[in-house]
K.L.:
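Dropping a structure here in structure tokens format, bear with me for questions.
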Number of protein chains: 2
Amino acid sequence: MPATIRDVARASGVHISTVSRTFSAPHLVNPETRGRVLACAEELGYRPNRAARALITGRTHNIGLIIADIANPFFPPLIKAAESQARQRDYHVFVADTNEDPIAEEELVHALAKQVDGVLLCSPRMSNSLIEQLSREVPLVVINRQVAGLPCVTMDVGQGARSAIEHLLGLGHRKIALLSGPRGSWTSREIRRAAGAAARAGGAELTVLGPNHPTGTGGGAVAEQVRRGDVTAVLAYNDLMAIGLIEGLDALGLRVPQDVSVVGIDDIALSRLTRPKLTTVATPTAAAGRTAVDMLLQHDTVAARGSRGGRGGTVDDRRTTAQVMLQTDLVIRDSTAPASAAAGRTRPGGAEDAPGPHRLAGPGRPTVTTGGVVAS
Amino acid sequence: MPATIRDVARASGVHISTVSRTFSAPHLVNPETRGRVLACAEELGYRPNRAARALITGRTHNIGLIIADIANPFFPPLIKAAESQARQRDYHVFVADTNEDPIAEEELVHALAKQVDGVLLCSPRMSNSLIEQLSREVPLVVINRQVAGLPCVTMDVGQGARSAIEHLLGLGHRKIALLSGPRGSWTSREIRRAAGAAARAGGAELTVLGPNHPTGTGGGAVAEQVRRGDVTAVLAYNDLMAIGLIEGLDALGLRVPQDVSVVGIDDIALSRLTRPKLTTVATPTAAAGRTAVDMLLQHDTVAARGSRGGRGGTVDDRRTTAQVMLQTDLVIRDSTAPASAAAGRTRPGGAEDAPGPHRLAGPGRPTVTTGGVVAS
DNA sequence: CTGAAAGCGCTAACAG
DNA sequence: CTGTTAGCGCTTTCAG
């Protein structure tokens, strides 16, 4: 039913190759004929079949984006940024959710492999070796973790965790808990390392609680441990956990930030909507999405053009690909307060339900280096 | 670099068609040969190229899902449900976000058309006529609106709005505002009609405010109008707007639910996390995603198999496709209270910051008909 | 500048 | 059960 290149050729009285050129190399065809062809195509509602084209050019103009969990509000900004960046370069993004299931992830990569020119992989669970293996099947850019030899874009959560701890130290906290993320997560490891170092340097005691499921429920589940842990402040693996923790603490009769200060990581939109508004480390997720697309496409065109070297050493070529790390910012809101605030005296009047102006940090973003890039 | 069917044929000493059969019709090939072929394929890391296969079978085993805004928490559950349902039937879902831009939507449909077997369209903005036109290019299932002659899955927001208004009437509210959604939205129209009728029947006055942008910001923007409107209760087009409104009201010194009751629609996860917890109309988004996939695939296989009738009347065939409407439920939480509650006396102690047990509605879901189906 | 021919990776009758 | 022969819709040499 849909018109093919042949229908257009017949209608406009030219050979199919002329029609083909009209669309893929317009400058190679006489303006007059081109006009005629275009008119016929328009009339017949013809549109080149990208899949057929891909079969021969080897370029689908699609890119795959594999996400552990779309419902995690951390991802949508990344997805949207990737999409708009891709669209600008005339690419489409196919997003696939895996429900945090590494098996599904692997299958998805295989299924996608032939339908896309490359895959952006946002997958905390998969093993490094599996990722490397998959990268031989389709060009990969890894997001949120580092894999030797592959292009990666990460956020400097280490720096973020350090800032968070220092902020807490500055408020007088000396007994701090860290809610770690899923086992095997690169991000969680980085946070732990940096937070540990910062705490040590400040003479504070850091208790690691976890691993935990990186959701609100996961955060709520450790509220009891936090209480027993006798700490005055907590740094959570992400905002969702931080928010869940605040809820859980609340149910236990502990108030944030009066009884315990809580810091999240990510700065998802939700963090501005909860009470108290969450102090958190903002990660530049949109920039990450854009950057990942750029890296994939660059890597891709390079691979397609630089045919001078011929075969051999393709693996070695990959080893030179860049690893980008984006800066993070601490944004101070209402979930942190001085450690000495044993009773709720930080806030004017009756805490959350005070109708007056919110105690939202004015400047908000001490470091303004968001989106800064460190290449290796 | 990736192995092709020919490589496998050569390696296993059979013709390529035998290899083909090994994968697409295993029962037609001698177990012994099949084993050999499979072994070689495994060794070479061969995987059938789905795009090439699609070119000839006409079945890509992909389905497209076009979403106005992935960042709207209403959609992720729908997306995930659609994906898992599709996966069960050996289909993949390609999700595309359009930033609420109808132009992008149309282009996306065109681009997707040849790479998928059908498209699920979740697109409040597009005109009916454009949708009909697109449906001639690729099988479409429309979500969240009704288009004559096309398969649609909607949620009974009319019923939901009615329950919400009746709940409000029961609490004694007589001056109610309705925050409408985007202009031209089917959902918004349904809500308005049903809410209007219910209010009239209950002898209440319903003021319509809008159209509005269906986001938190959109909701916050009308807080001032709501205050001036001198109403005691508000029904919002969706939860995001309801939450934004609550924030905005708060900034104006009005408390929810003491000064004004607010009801949302959707029951996104966030509604359980805000203070006060939002009373809202739960829409079965996951069921909608599943259903849409089922309808598309059924419609699809029917079209592929039922070749008995031959040509002719394809349009008429489509006219018989089902329109499914899923039931909604009112879930009562903390953002609604009796109209007479001029001062905060509904809740025990000091409102939101009371650390005690939350006043969350016990049973919660009066109607238990979620997922109920009404076919036409 | 345009046509002819070859073929991307695969499936689908049709013989054998 | 397996090989042969076409050909999906398109691009790309290569001649003219």
Side-chain angles (χ1 to χ4, degrees), chain A residues 1-38 40-41 44-62 110-111 113-117 137-138 304 307, chain B residues 1-38 40-41 44-62 110-111 113-117 137-138 304 307:
Chain A
M1 194 64 206
T4 108
I5 199 174
R6 242 174 290 268
D7 300 325
V8 179
R10 201 174 310 126
S12 46
V14 297
H15 191 92
I16 60 164
S17 45
T18 302
V19 178
S20 173
R21 283 186 205 104
T22 304
F23 287 92
S24 46
H27 59 276
L28 288 183
V29 49
N30 185 315
E32 208 172 307
T33 355
R34 192 200 310 160
R36 194 150 33 93
V37 171
L38 250 20
C40 292
L44 295 175
Y46 167 75
R47 303 190 146 266
N49 182 326
R50 301 181 81 148
R53 177 182 288 180
L55 200 53
I56 177 159
T57 61
R59 292 259 150 285
T60 62
H61 270 238
N62 291 149
H110 286 136
K114 298 298 193 332
Q115 319 197 39
V116 301
D117 296 340
E137 190 166 341
V138 57
S307 32
Chain B
M1 195 60 207
T4 107
I5 199 175
R6 243 174 289 268
D7 299 327
V8 179
R10 202 175 309 126
S12 46
V14 296
H15 191 90
I16 60 165
S17 46
T18 302
V19 178
S20 173
R21 281 185 208 105
T22 306
F23 288 92
S24 44
H27 60 277
L28 290 182
V29 49
N30 185 314
E32 208 172 305
T33 5
R34 193 201 309 161
R36 195 150 31 94
V37 171
L38 250 19
C40 292
L44 295 174
Y46 166 76
R47 303 190 146 263
N49 181 326
R50 301 181 80 148
R53 175 182 289 180
L55 201 53
I56 175 159
T57 61
R59 293 258 150 287
T60 62
H61 270 237
N62 290 149
H110 286 137
K114 299 299 193 331
Q115 318 198 40
V116 301
D117 296 340
E137 190 165 339
V138 58
S307 31

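Here is the naming used below: chain letters follow the sequence lines, and residue numbers restart at 1 for every chain.
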K.L.:
Does a nitrogen or oxygen in the side chain of A/R53 sit under 4.0 Å from OP1 or OP2 of D/dT12?
P.N.:
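So the side chain of A/R53 is outside the cut-off, no N or O lying under 4.0 Å from OP1 or OP2 of D/dT12.
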K.L.:
Side chain of A/P48, heavy atoms from C-beta onward: which of D/dG3, C/dC10, D/dC10 has the nearest atom to it?
P.N.:
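Closest nucleotide to the A/P48 side chain: D/dC10.
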K.L.:
Where the side chain of B/T33 is defined as all heavy atoms beyond and including C-beta, which of D/dT2, D/dC10, D/dT13 is the nearest nucleotide?
P.N.:
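In terms of side-chain proximity for B/T33, the closest of D/dT2, D/dC10, D/dT13 is D/dT2.
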K.L.:
If I take atom CZ in residue A/R21 and atom P in nucleotide D/dT13, what distance separates them, rounded to the nearest angstrom?
P.N.:
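In whole Å, D/dT13 P lies 11 Å from A/R21 CZ.
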K.L.:
If you check the B/A52 side chain, which of D/dT2, C/dT2, C/dC10 turns out closest?
P.N.:
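Ranking D/dT2, C/dT2, C/dC10 by closest atom to the B/A52 side chain puts C/dC10 first.
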K.L.:
Answer whether the closest heavy-atom distance between the side chains of B/L38 and B/F23 falls below 4.5 Å.
P.N.:
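With C-beta onward as the side chain, the pair touches.
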K.L.:
Measure the distance from CZ on A/R36 to P on C/dC1 and round it to the nearest whole Å.
P.N.:
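Roughly 14 Å, once rounded to whole Å.
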K.L.:
Under 4.0 Å, counting only non-hydrogen atoms across every strand here, what does A/F23 touch: a base, just sugar-phosphate, or nothing?
P.N.:
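Touches nothing.
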K.L.:
Using modelled atom types only, decide if a donor and an acceptor are shared between the side chain of B/R21 and the backbone of B/L28 within a distance under 3.5 Å.
P.N.:
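Pair absent, no side-chain N/O of B/R21 close to backbone of B/L28.
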K.L.:
Roughly, in whole Å, what's the span from CD1 in B/I5 to C1' in C/dT11?
P.N.:
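For the pair B/I5 CD1 and C/dT11 C1', the rounded distance is 8 Å.
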K.L.:
How many whole angstroms separate atom CG of B/N49 from atom P of C/dC10?
P.N.:
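Going from B/N49 (CG) to C/dC10 (P), I get 5 Å.
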K.L.:
Starting at CG of B/L55 and ending at P of D/dT11, how long is that distance when rounded to a whole Å?
P.N.:
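Rounded to whole Å, this separation is 12 Å.
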K.L.:
If I take atom CD1 in residue A/I56 and atom P in nucleotide C/dC10, what distance separates them, rounded to the nearest angstrom?
P.N.:
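Nearest whole value for this atom pair: 15 Å.
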K.L.:
What's the closest nucleotide to the side chain of B/I16 if the choices are C/dT11, C/dG3, D/dC1?
P.N.:
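Closest nucleotide to the B/I16 side chain: C/dT11.
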K.L.:
Please state how far atom CZ in A/R10 lies from atom P in C/dG3, giving the value in whole angstrom units.
P.N.:
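Taking atom P of C/dG3 as the reference, CZ of A/R10 is at 15 Å.
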K.L.:
To the nearest Å, how far apart are A/R59 CZ and C/dC8 C1'?
P.N.:
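Going from CZ in A/R59 over to C1' in C/dC8 covers 14 Å.
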K.L.:
If you find the nucleotide of DNA chain D closest to A/H15 and the one closest to B/H27, which residue's nucleotide is nearer the 5' end?
P.N.:
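Closest to the 5' end, via its nearest nucleotide, is B/H27.
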K.L.:
Classify B/V19 by what it touches in the nucleic acid, base, sugar-phosphate, or nothing, heavy-atom distance under 4.0 Å.
P.N.:
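Counting heavy atoms under 4.0 Å across all strands, no contact is made by B/V19.
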K.L.:
When we call it a touch if two heavy atoms are under 4.0 Å apart, what does A/T57 touch: a base, just sugar-phosphate, or nothing?
P.N.:
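The answer is sugar-phosphate, as A/T57 gets under 4.0 Å only of primed atoms, P, OP1 or OP2.
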K.L.:
For D/dC10, does OP1 or OP2 lie under 4.0 Å from any side-chain N or O of A/T4?
P.N.:
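Affirmative; the distance criterion is met.
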K.L.:
Can you figure out which of C/dC1, C/dT11, D/dC8 approaches the side chain of A/P31 most closely?
P.N.:
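So the side chain of A/P31 is nearest to C/dC1.
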K.L.:
Are any of the side-chain heavy atoms of B/Q115 and A/Q115 separated by less than 4.5 Å?
P.N.:
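No. Closest side-chain heavy atoms not under 4.5 Å.
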K.L.:
Give one of base, sugar-phosphate or nothing for A/S17, where a contact means two heavy atoms less than 4.0 Å apart.
P.N.:
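Counting heavy atoms under 4.0 Å across all strands, the contact made by A/S17 includes a base.
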K.L.:
Given 3.5 Å as the limit, does a donor-acceptor pair link the side chain of A/S20 with the main chain of A/I16, or not?
P.N.:
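The answer is no, because no donor-acceptor pair under 3.5 Å joins these two groups.
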K.L.:
Is A/R47 touching bases, backbone alone, or none of the nucleic acid, heavy atoms closer than 4.0 Å?
P.N.:
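Sugar-phosphate, backbone atoms only, no base.
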K.L.:
Quick one: does any side-chain atom of B/T18 pair with a main-chain N or O of B/V14 as donor and acceptor, under 3.5 Å?
P.N.:
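Not at all, since once roles are kept as given, no pair shorter than 3.5 Å links the two residues.
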K.L.:
Can you check whether B/D117's main-chain N or O pairs, donor with acceptor, with B/T60's side chain at less than 3.5 Å?
P.N.:
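Judged by distance alone, yes, a pair lies under 3.5 Å.
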K.L.:
Examine C/dG9: is either OP1 or OP2 under 4.0 Å from a nitrogen or oxygen in the side chain of B/S20? Give yes or no.
P.N.:
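For C/dG9, OP1/OP2 do not have a side-chain N/O of B/S20 under 4.0 Å.
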